[in-house]
Amino acid sequence: MNETERILQLRRELHEHNHRYYVENQPTITDQEFDLLMHELQDLEARHPEMADANSPTQRVGSDLNQEFRQVAHKYPMLSLSNTYSEQDVAAWYESVQKGLEGEPFEICCEMKYDGLSISLTYVDGRLTQAVTRGDGVYGDDVTANVKTIRSIPLIVTPHQLPRGGELEASPQGGLERVPSFFEIRGEILMPWKSFERLNAEREAAEEPLFANPRNAASGTLKSQKSEVVAGRGLDAYLYYLLGDDIPCDGHYENLMAAKSWGFKISEGMRKVNTLQEIYDFINYWDRERKNLPVATDGIVLKVNSQRQQRHLGFTAKSPRWAIAYKFKAERACTRLNEVTYQVGRTGAVTPVANMEPVQLAGTTVKRATLNNEDFIKSFDLHIGDYVYVEKGGEIIPKIVGVDIDQRPIIAQPVQFITRCPECGTPLVRYEGEAVHYCPNDSGCPPQIKGRIEHFISRRAMNIMSLGPETVDEYWSRGLVHNVADLYDLTVAQITGGNKNRRLSAENVVKGIEASKQVPFERVVFALGIRFVGETSGKLLARHFKNIDALMNASLEDLMEVEGIGEVMAKSIVTYFHNAENLSIVERLRGYGLQMSLSEEQMQGTTDKLSGKSIVISGVFQHHSRDEYKALIEQHGGKNVGSISGKTSFILAGENMGPSKLQKAEKLGVPIVSEDEFLQMIE
């Protein structure tokens with residue numbers, strides 16, 4: 001076998017192993033064996049560039065190149081379903097179907113309603129050619145490159161049971177072996193609970209905002225500008241609707257069984273029924289069992305099975321008459337509150353945490369819930385020993401929503417919010433207008449110091465990716481670092497501590513720290529960890545004051561003149577730069593060579609032409625990328641915002657601007673500015 005034939009063989013084998021692992025959950029080789037085959041294919045493809053194939057298994061790793069999502073029209077509009085929350089509403093819908101079909105017998109296909117991001121996949125001659133999000137139902141974002149990294153989605157479709165004698169035969173699952181030359185299949189992109197919890201644990205360690213639920217995480221991941229990020233987050237997909245002019249069957253259920261035989265991941269929970277009682281039985285069963293599923297669900301979808309009958313029933317203006325979604329009520333459990341503990345973040349914010357008897361809720365075991373602040377605790381009159389109602393309702397972060405007063409023990413004591421920091425003992429403070437208590441000992445409180453170092457090295461700040469929270473904790477405990485400036489004194493010998501096996505990683509750490517000296521000034525301002533100063537306000541401050549000396553010497557009034565900087569943040573900045581230890585750290589960082597002013601290039605191009613303007617970007621552009629336009633807006637004093645409101649100054653619109661955004665802009669009277677008009681505006 002020559003190398004070209006080996007490439008084709010490896011591709012077939014790896015596609016099959018991907019299917020067995022990610023769809024059937026029945027791998028036949030070890031991860032190590034899979035990796036060896038993948039590496040062999042990567043080496044062979046590198047030697048044979050003429051064999052390049054966008055649907056090769058090697059393309060699932062994703063690229064770190066930025067993408068620009070273009071909007072494309074759906075061949076078939078993706079309408080939303082009408083929602084119902086009661087069995088009475090289900091009965092009313094069932095009766096309307098009976099009436100619409102004039103007494104003709106019909107079957108209902110019952111399916112799980114997965115809580116993810118709707119996707120439309122197009123296949124031509126058995127190959128994935130396009131993946132488009134639902135968008136507004138008429139237009140969606142082309143996310144093909146990102147979707148190709150999801151291993152449960154086949155890149156190439158072939159029957160898993162070949163027909164005998166050249167004739168079409170039904171598979172054991174009821175599907176047909178013939179694959180249409182063109183078809184569209186729709187489904188849901190999901191982030192399994194296991195992947196979601198791992199991702200949030202990583203974000204919590206990096207003090208990045210947590211995703212509220214798997215749906216938000218899946219959506220944010222799929223819209224990432226780097227498919228490399230998508231590839232690493234463990235997304236999954238379930239498919240639930242087959243469309244096309246040449247699909248195998250009239251029956252919706254039968255078509256999905258055919259798609260399953262072609263390699264698509266179809267829910268095992270589907271069922272065809274003939275009566276209203278069978279629908280109720282299906283709903284009640286999954287309302288209990290859904291907590292055992294590996295992914296989030298929020299209801300049941302009911303569809304008339306026959307596509308001929310679907311066409312007869314037709315559509316309303318917003319949704320099909322032949323389908324409806326039954327939404328589950330938010331999951332709630334009752335458990336005992338054992339203790340309230342307190343966490344201190346890098347900004348000194350003290351967060352109370354409820355520690356409870358473990359209880360199963362929405363796919364995970366819950367034993368802790370945030371209590372937000374003192375006011376939240378008082379609103380429930382919480383006592384230790386109370387039986388509390390805990391709810392997720394689609395949110396992964398559990399919340400207490402009530403107390404069963406009748407079960408309160410006679411000796412139960414009310415929860416008293418602490419008055420001193422649980423880490424360093426300093427009296428807590430509560431700033432005017434704030435609901436949160438803070439530990440003011442920012443220079444001596446261990447979790448604050450370590451938290452600020454972790455914030456300093458994070459990707460959006462100094463981007464020292466060779467370091468992580470565990471490493472920071474180790475360096476702290478060994479006495480190597482006590483503040484962010486100490487990082488720049490680290491040597492390979494100090495890090496290794498005489499352990500030769502750690503030399504390579506130590507060298508990478510030192511190189512990463514050295515490279516951070518080129519990080520722009522605006523990110524240095526953010527990296528300092530000044531309380532209340534976020535990424536956006538760091539940019540505003542850097543571009544207004546131009547250098548660290550002007551920022552350090554700014555008065556409260558000077559700071560409040562900056563658009564977007566309020567009194568609380570301004571006071572925090574003044575306090576920070578009046579602290580002798582903070583000033584010492586800043587001077588040390590300056591001495592190590594960090595960027596303490598805007599670059600000459602930034603200085604030359606900075607204007608206030610867009611000062612005070614909030615701008616939304618939409619569409620596809622010819623002259624610059626979206627990121628470049630965002631940078632231009634900030635460079636000229638403007639503010640990028642993600643959604644249209646009455647406060648939006650104008651929309652910078654490229655081609656294929658979404659119809660829903662256009663409609664909202666017209667309704668609110670927000671001006672539309674073309675690409676050329678915008679460039680003239682900033683000259």
Side-chain angles (χ1 to χ4, degrees), residues 21-23 25 27 31 62 112-117 146 149-152 188-224 226 228-238 265 267 286 288-299 328 330-333 335 338 341 343 345-346 351-372 388 390-401 447 451 454 458-459 465 468-473:
Y21 186 94
Y22 290 100
V23 178
N25 291 317
D31 290 349
M112 302 304 302
K113 186 177 185 299
Y114 292 105
D115 195 15
L117 186 72
N146 283 350
T149 70
I150 302 172
R151 295 175 185 269
S152 55
E188 209 81 358
I189 302 292
L190 302 151
M191 180 170 284
W193 290 112
K194 187 182 294 184
S195 300
F196 176 74
E197 289 168 355
R198 172 177 55 80
L199 175 61
N200 258 358
E202 291 170 356
R203 294 176 72 85
E204 185 175 23
E207 291 225 350
E208 294 180 348
L210 301 185
F211 284 112
N213 53 53
R215 187 192 185 283
N216 288 4
S219 178
T221 298
L222 196 63
K223 292 297 185 72
S224 171
K226 294 183 178 181
E228 183 183 45
V229 172
V230 187
R233 286 192 176 175
L235 293 181
D236 202 350
Y238 284 84
K265 192 167 188 175
S267 169
W286 282 110
R288 297 188 304 271
E289 286 299 312
R290 64 192 173 108
K291 65 180 67 176
N292 299 319
L293 292 172
V295 293
T297 59
D298 61 354
F328 293 130
E331 271 201 72
R332 176 181 288 195
T335 187
N338 292 330
T341 55
Q343 296 177 337
R346 70 168 178 85
T351 304
V353 178
N355 295 267
M356 307 167 294
E357 290 290 332
V359 63
Q360 193 73 10
L361 191 62
T364 57
T365 300
V366 173
K367 52 187 177 182
R368 303 174 83 227
T370 179
L371 293 172
N372 298 325
V388 295
V390 188
E391 196 173 281
K392 277 188 178 177
E395 303 295 314
I396 183 59
I397 304 169
K399 55 185 177 183
I400 289 176
V401 295
E454 290 168 14
S458 65
R459 181 171 54 85
M465 300 310 291
E470 297 84 3
T471 319
V472 169
D473 195 57

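Across all their heavy atoms, Arg215 and Leu117 have their closest contact at NH2-CD1, 4.3 Å. Contact detail for Glu357 and Thr335: the closest heavy-atom pair is O-OG1, 2.7 Å. Taking every heavy atom of both residues into account, Met191 and Pro214 meet most closely at O-CB, 3.5 Å.
Asn146 places a side-chain N or O within 3.5 Å of a backbone atom of Ser224 that can act as its donor or acceptor partner. When atom types are taken as modelled, the side chain of Ser195 and the backbone of Leu235 share no donor-acceptor pair closer than 3.5 angstrom. For Ser219 (side chain) and Asn216 (main-chain N/O), no donor-acceptor pair under 3.5 Å exists by modelled atom type. Ser152 places a side-chain N or O within donor-acceptor distance of the main-chain N or O of Ala237, the cut-off being under 3.5 Å. A donor-acceptor pair is defined here as one N or O able to donate and one able to accept, closer than 3.5 Å; no such pair exists between the side chain of Asn372 and the backbone of Thr370. Thr221 places a side-chain N or O within donor-acceptor distance of the main-chain N or O of Ala217, the cut-off being under 3.5 Å.
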Worked verdict on Thr297 versus Arg290 for side chain to side chain donor-acceptor pair (under 3.5 Å): CA-CA 7 Å; Thr297 59; Arg290 64 192 173 108; 4.7 Å; no

I'd like to know whether Leu293 forms a side chain to side chain contact (heavy atoms under 4.5 Å, CB included) with Met112, so could you lay out the CA-CA distance, the side-chain angles of the two residues, the decisive distance to 0.1 Å, and finally the verdict. CA-CA 11 Å; Leu293 292 172; Met112 302 304 302; 4.0 Å; yes

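The only member of Asp298, Ile189, Leu190, Asp236 that meets side chain to side chain contact (heavy atoms under 4.5 Å, CB included) when paired with Tyr114 is Leu190.
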